[in-house]
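Here is the structure we will look at, set down as structure tokens.
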Amino acid sequence: MHTSTMRRSACAGLALVTSAFLLASCQNPDSRPEEETSAAAPESSAPQSATSSAPAASEETTETATTESEGPRATAEGHVVVLSTGGTIASTHDKSGAVVPTVTGSKLVEPLSGTFDKDKLTLEVKDIAKLDSSAMTLDDTDTIIEAVNKELRRDDVDGVVVTHGTDSMEETAIAVDTFQDSDKPVALTGAMRPFDDPDPDGPDNLALAVKTVTDPSNEGRGTFIAFADHVIPARGAFKSDTTKADGFANNNGKKQPQRPKALKHQPLGNTRVDIIAAYPGAPADLIQRSLDSGAEGIVVEGMGAGNIGDELAQAAKAAAKKVPVVLTTRVDHGPVEGIYGGAGGGATLADAGVISSGTLRAPQARMLLAAAISTDTDPAELFPDAD
Ligand code: ASP
């Protein structure tokens, strides 16, 4: 964690930050005793809530639930940068009743002003975008990756929170994780109810994200999604419910996801990777048309453990000779497994060079394939838990 000297430089540098909102007082940068800066990490190496005083979970646990009984949130300390990108958390109702992103990052953190100990935790806010996340492009993803890495490189920053729409949070989360060149934790969060809702869920989610990135036990663990009392590793996370406040799940089972070595960021923006959904009777030209339109990689969303019909399989096998083809499944949970033979069985596709996504689903597999192509990395390296 940073020292009081670093805290001083954070305060000095604040004037340079156009959209900064500081919850803690900068007048007394030395108010935190030195010993407080090095809180002992819990015995477990599993992700923990910053407020958790419960015994550490086993190494196998990938998700941490927080409860009211875990103590005050004021235990969080450090200097955290919050990057605001839009989404429901930053949205209000317009005159027609539609929900649109309008709120700045500074406003988003205001409800947290009484949540943390001001002498221990400082928040600095920057507005990166004001987008519904379903409207994001790979250029936007690049902007977020670069912004996160820039903040992580600062000596005075302990962790970074990204507020984000939930629709494509799983994509941005794994993209940030893949290019994260720091052990400092990153957490994405958002909301299912808008900022002007009478009972918004954004403030609690944001507080959880801040706790997540200031928790020393999360150092070296990459990027998380902190949402509705759950802290989920980015790899394998997915939006699991269109309306519930507790709208995220993960497909890691009880294992920690294996994170490949971080890649050096190269822009994803020009990399076209298409997702082709398989279904009974899906025609071959779905893949052919995608290639003709310039796709440099294909993610096939198969059925079951990763199987597709004969016609699509012929096209997938032919495509795999020219571009990387990754096979995933439309089923929420469980690994992709090359068990079945036949023209489009997973085993046959694997023999033809089609790469298994392991536990990752189409949105995240596409992001990783784009990352592999843009950095000239063997795509299989980015799916380390595949068979
Ligand atoms: N459409 C919104 C978005 O992804 C949904 C949300 O944030 O919950 O930006």
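By convention here, the first residue in the shown sequence is residue 1. Remember, it's 1-based here, ligands and their atoms both numbered in the order they're listed. The model shown is predicted, which means the values in this text are computed figures rather than measured ones.
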Subject >> Thr359 and Asn251 side chains, donor-acceptor separation under 3.5 Å >> reply: no
Original post:
Have Thr85 and His164 got a donor and an acceptor in their side chains that come within less than 3.5 Å?
Top reply: no
Original post:
So which residues get pulled into Val100's cluster when ILVMFWY side chains under 4.5 Å apart are joined, directly or through others?
Top reply: none
Original post:
What residues, two or more places apart in sequence or in another chain, satisfy ring-ring contact (aromatic ring centres under 6.0 Å, His included) together with Phe238?
Top reply: His333
**OP:** Sort out the contact shell of ligand 1: every protein residue with a heavy-atom distance below 4.0 Å, listed by chain and number.
**Re:** Gly87, Thr88, Asp132, Ser133, Gly165, Thr166, Asp167, Ala191
Original post:
Any salt bridge (charged side-chain N to carboxylate O under 4.0 Å, His left out) pairs touching residues 85-105, not counting sequence neighbours?
Top reply: none
Subject >> Closest non-hydrogen atom pair, Met136 against Ser168 >> reply: SD-OG, 4.2 Å
